[in-house]
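Below is one structure, written out as C-alpha cells; comments come after it.
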Amino acid sequence: MKDLPRNVWLLTTSQALLFSVSSMVVFVGRLIGFELAPVENLSTRPVAGMLVGNALTILLKAQSYSDE
C-alpha cells in the first residue's frame with residue numbers, strides 16, 4: 001500500500017476533503033440562506049444554484065472533451 005505513487009495519495013486526500021467540505025457547504029448554506037431569505041422556501045436557493053452550476057460545468061467540459 002505504501003508503494004502507491006504520490007499522485008494516488010494526493011487524489012485520495014483531495015477527494016476526501018472535497019466530500020467533507022461539500023457536506024459542510026450544504027449545511028452552512030442552508031442555515032445562512034434561512035437567515036437571509038425573505039421566504040423560507042427560498043433558503044435552499046444558494047445551494048441549489050451551486051449544484052446546478054457544477055452540473056452545467058461538468059456537462060460543458062465533457063462536451064469540450066468529446067469534440068477533441
Side-chain angles (χ1 to χ4, degrees):
M1 187 88 155
K2 292 182 180 181
D3 296 336
L4 292 174
R6 181 177 178 271
N7 286 345
V8 173
W9 290 108
L10 186 63
L11 289 171
T12 303
T13 305
S14 298
Q15 187 174 12
L17 288 173
L18 170 75
F19 286 125
S20 64
V21 169
S22 295
S23 62
M24 185 59 83
V25 165
V26 169
F27 177 70
V28 172
R30 168 76 167 107
L31 291 176
I32 292 172
F34 183 72
E35 290 295 321
L36 295 177
V39 179
E40 184 177 332
N41 293 338
L42 298 176
S43 63
T44 57
R45 185 176 259 180
V47 176
M50 181 186 70
L51 293 174
V52 169
N54 284 340
L56 289 175
T57 302
I58 290 169
L59 288 174
L60 291 173
K61 196 62 173 171
Q63 182 67 31
S64 70
Y65 279 131
S66 66
D67 290 341
E68 293 178 356

### Query
With sequence neighbours left out, what residues match Val8 under side-chain contact (heavy atoms from CB on, under 4.5 Å)?
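Expected list: Leu4, Pro5, Thr12.
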Which residues end up grouped with [X] if you chain together Ile, Leu, Val, Met, Phe, Trp and Tyr wherever their side-chain heavy atoms are less than 4.5 Å apart?
X: Val47; result: Val21, Val25, Val26, Met50, Leu51
X: Leu18; result: none
X: Leu56; result: Val52

### Query
Taking all non-hydrogen atoms of both residues, which atom of Gly53 and which atom of Thr57 are closest, and how far apart?
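Scanning both residues, the minimum pair turns out to be O-OG1, 2.8 Å.
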Solution key, residues 28-40 side-chain donor-acceptor pairs under 3.5 Å, sequence neighbours excluded:
unit_1 : atom_1 : unit_2 : atom_2 : d
Arg30  : NH1    : Ser43  : OG     : 2.4

